[in-house]
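Notes for the one structure printed next.
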Amino acid sequence: MASATLLKSSFLPKKSEWFNASKPSLNSKPLTLTFAIRASSYGEELIKTAKSIASPGRGILAMDESNATCGKRLASIGLENTEANRQAYRTLLVSAPGLGQYISGAILFEETLYQSTIDGKKMVDVLVSQNIVPGIKVDKGLVPLAGSNDESWCQGLDGLASRCAAYYQQGARFAKWRTVVSIPNGPSALAVKEAAWGLARYAAIAQDNGLVPIVEPEILLDGEHGIDTTFEVAQKVWAEVFFYLAENNVMFEGILLKPSMVTPGAECKQKATPEQVAKYTLQLLHRRIPPVVPGIMFLSGGQSEVEATLNLNAMNQSPNPWHVSFSYARALQNTCLKTWGGRPENVKAAQDALLVRAKANSLAQLGKYTGEGESAEAKQGMYSKNYTY
């Protein structure tokens with residue numbers, strides 16, 4: 001409420017400054033309102049990049065897992081966490097034939113941004129050749145938030161400007177910063193404010209250095225709460241986020257959002273249908289997100305591959321003011337990774353599995369996904385409590 005009051009009052013003159021235009025006073029002076037508008041030299045490019053990523057039938061492949069998290073994925077198929085194995089898997093992903101038909105952007109980890117494929121081609125160049133915009137994870141991970149209820153905050157603002165400038169030179173054109181909010185732990189006002197302020201500072205710095213910022217305050221699935229609780233918390237979080245984005249003069253036309261869908265907690269006994277998820281999520285977006293924002297790229301947050309696709313499809317059954325799409329990691333890669341199994345002879349089959357999921361979500365972005373012919377593997381949930389990248 002405090003944020004709403006500030007937003008309302010900051011644009012109004014004091015009552016003593018009101019004047020009646022029909023009865024001018026000899027002593028009255030014209031009223032002038034001054035607004036601080038930050039003009040970025042990258043303004044037009046940011047808008048163009050954001051629109052390119054938010055193009056019909058396409059979404060984002062999130063492959064920015066840290067080396068440690070990537071190691072866990074590799075371990076699940078019996079591979080060691082070596083740079084060679086990470087390179088082989090990432091090569092498989094970026095070089096899938098025709099991937100750019102369904103994927104408009106790929107979020108990379110720093111190692112991948114500077115890495116070459118096993119054939120010696122730069123990962124960035126391979127993506128660009130498929131009309132896929134390279135992006136980069138720029139945060140430095142979550143750490144405990146002192147003074148909170150066992151909550152966390154996202155670090156990485158120190159040195160961010162120079163890192164963003166270097167990433168731009170390397171070919172990145174958008175960035176990602178992930179912070180989280182936990183419903184079982186409150187969330188406390190301190191944690192929400194810290195998340196919103198950190199995202200806003202990051203977004204302003206990224207835009208100043210030519211990168212379209214993905215704004216991602218993930219509301220974790222952890223908990224037994226119902227969908228109404230998630231909705232109320234999300235309203236508060238997004239109100240704070242957009243207040244501080246405005247305070248930091250972030251250009252809304254040059255950002256992308258990566259929110260959680262509004263769902264019940266993972267341990268809630270009362271599950272929600274895709275139609276219910278769509279209803280609550282779209283209502284949240286209409287209440288909180290300005291139409292000028294180009295794209296809403298939802299995270300999957302541990303939903304099964306099919307569940308994430310069905311929910312996205314339900315949200316696209318009627319026109320939206322924004323491009324409502326996906327930015328999935330596990331919900332695009334899970335079956336692909338298991339199909340590969342670390343074997344060179346399985347690369348094509350694994351790429352085919354990736355394309356199946358990418359196409360399914362492309363159809364969901366267009367509201368044309370049916371769910372027919374999905375495998376049992378694709379229907380398995382991937383929720384992991386306190387999940388970290």
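- Side-chain contact check for Met297 versus Phe326: every heavy-atom pair is 4.5 Å or farther apart.
- Heavy-atom contacts from other residues, nucleotides or ligands closer than 6.0 Å to CG of Asp158 number 12 or fewer.
- Thr179 and Ala195 make their closest contact through CG2-CB, 3.7 Å (heavy atoms, listed as atom of the first residue, atom of the second, distance).
- One finds the NZ atom of Lys176 at 15.0 Å from the CG atom of Leu211 (value rounded to the nearest 0.5 Å).
- In the hydrophobic cluster analysis, where Ile, Leu, Val, Met, Phe, Trp and Tyr join through side-chain heavy atoms closer than 4.5 angstrom, Ile183 is grouped apart from Leu190.
- Closest of all the heavy-atom pairs between Ser188 and Ser148 is OG-CB, 4.3 Å.
- Gln365 places a side-chain N or O within donor-acceptor distance of the main-chain N or O of Val324, the cut-off being under 3.5 Å.
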Applying side-chain contact (heavy atoms from CB on, under 4.5 Å), run through Leu113 and Met123 and close with a yes or a no.
-> CA-CA 7 Å; Leu113 183 69; Met123 296 273 187; over 6 Å; no

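- In this model, no donor atom of one side chain and acceptor atom of the other lie less than 3.5 Å apart for Ser55 and His323.
- Transitive grouping of hydrophobic side chains (ILVMFWY, heavy atoms separated by less than 4.5 Å) keeps Phe109 and Leu79 in distinct clusters.
- The structure places CD of Glu194 at 6.0 Å from CG of Leu145, a figure rounded to the nearest 0.5 Å.
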Given Leu332 and Tyr102, is the side-chain contact (heavy atoms from CB on, under 4.5 Å) satisfied, shown in steps?
-> CA-CA 11 Å; Leu332 283 173; Tyr102 314 116; over 6 Å; no

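- Residues Leu366 and Trp322 do not share a hydrophobic cluster, defined by chaining ILVMFWY side chains whose heavy atoms lie under 4.5 Å apart.
- Between the side chain of Thr339 and the main chain of Ala350, no donor-acceptor pair closer than 3.5 Å is present.
- Put simply, the side chain of Gln130 gets close to the backbone of Leu99: a donor and an acceptor are under 3.5 Å apart.
- Expressed to the nearest 0.5 Å, how far CD of Glu232 lies from CD of Gln235 amounts to 5.0 Å.
- Taking CD of Gln170 as the start and OH of Tyr114 as the end, the distance is 5.0 Å to the nearest 0.5 Å.
- Judged as a ring-ring contact (aromatic ring centres under 6.0 Å, His included), and not counting sequence neighbours, Phe174 has no contacts.
- In this structure a side-chain-to-backbone donor-acceptor pair under 3.5 Å is missing from Ser52 to Lys48.
- Counting only heavy atoms from C-beta outward, the side chains of Met63 and Val94 approach each other to under 4.5 Å.
- Proximity of Leu92 to Cys336: side-chain heavy atoms (C-beta onward) are separated by under 4.5 Å at one or more points.
- Taking the six-membered ring for Trp and thresholds of 30 and 60 degrees, Phe231 and Tyr280 have ring planes more than 60 degrees apart, a perpendicular arrangement.
- The shortest distance between side-chain heavy atoms of Leu142 and Arg178 falls below 4.5 Å.
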Go through the steps to decide whether Thr335 and Lys338 satisfy the test side-chain contact (heavy atoms from CB on, under 4.5 Å), and finish with yes or no.
-> CA-CA 5 Å; Thr335 301; Lys338 293 182 178 180; 5.9 Å; no

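- Residues Val192 and Lys236 are not in side-chain contact: their nearest non-hydrogen atoms beyond the backbone lie 4.5 Å or more apart.
- Taking the six-membered ring where the residue is Trp, Trp197 and Tyr244 present perpendicular rings, their angle passing 60° and hence far from 30°.
- With hydrogens and angles ignored, the 3.5 Å screen pairs no side-chain donor or acceptor of Glu45 with any backbone N or O of Tyr42.
- Counting non-hydrogen atoms of other residues, nucleotides and ligands closer than 6.0 Å to NZ of Lys271 gives a total above 12.
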Might you work through the side-chain contact (heavy atoms from CB on, under 4.5 Å) test for Val277 and Gln303, ending with a clear yes or no?
-> CA-CA 12 Å; Val277 171; Gln303 301 176 71; 5.9 Å; no

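- The closest donor-acceptor contact from the side chain of Tyr328 to the backbone of Asn361 lies at 3.5 Å or more, if one exists at all.
- Listed for the Gln207 side chain is a donor-acceptor partner under 3.5 Å among the backbone atoms of Met251.
- When all heavy atoms are compared, the tightest approach of Pro213 to Ala206 is CB-CB, 4.0 Å.
- Annotation for Val212 and Ala50: closest pair CG2-N, 4.0 Å, computed over non-hydrogen atoms.
- Listed for the Gln155 side chain is a donor-acceptor partner under 3.5 Å among the backbone atoms of Lys140.
- You'll find the side chain of Tyr202 reaches within 4.5 Å of the side chain of Leu157, heavy atoms only.
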Derivation and outcome, salt bridge (charged side-chain N to carboxylate O under 4.0 Å, His left out), residues Glu111 and Arg90 = CA-CA 11 Å; Glu111 179 182 72; Arg90 290 162 177 165; 2.5 Å; yes

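- One distance of note links CD1 of Ile103 with CG of Leu127; it measures 10.5 Å at 0.5 Å rounding.
- Within 6.0 Å of CD in Glu345 there are more than 12 heavy atoms belonging to other residues, nucleotides or ligands.
- Ile60 and Leu299 fall into different hydrophobic clusters, defined by Ile, Leu, Val, Met, Phe, Trp and Tyr side-chain heavy atoms under 4.5 Å apart, directly or through other members.
- Salt bridge Glu65/Lys72: absent, no basic N to carboxylate O contact under 4.0 Å.
- Grouping the Ile, Leu, Val, Met, Phe, Trp and Tyr side chains by contacts below 4.5 angstrom, directly or via other members, places Val128 with Ile132.
- Distance CD1/Ile77 to CG/Asn346: 9.5 Å, rounded to 0.5 Å.
- Across all non-hydrogen atoms, the minimal contact from Gln317 to Gly367 is NE2-O, 3.1 Å.
- Between Gln333 and Leu61, the closest side-chain pair of non-hydrogen atoms falls below 4.5 Å.
- Formation of a donor-acceptor pair under 3.5 Å by the Asn313 side chain with backbone atoms of Tyr369 is found in this model.
- Scanning both residues, Leu355 and Pro97, for their nearest heavy atoms gives CD1-O, 3.3 Å.
- For the pair Gln101 (side chain) and Ala358 (backbone), a donor-acceptor distance under 3.5 Å is absent.
- Residues Thr309 and Arg357 have side chains in contact (heavy-atom distance under 4.5 Å, counting atoms from C-beta outward).
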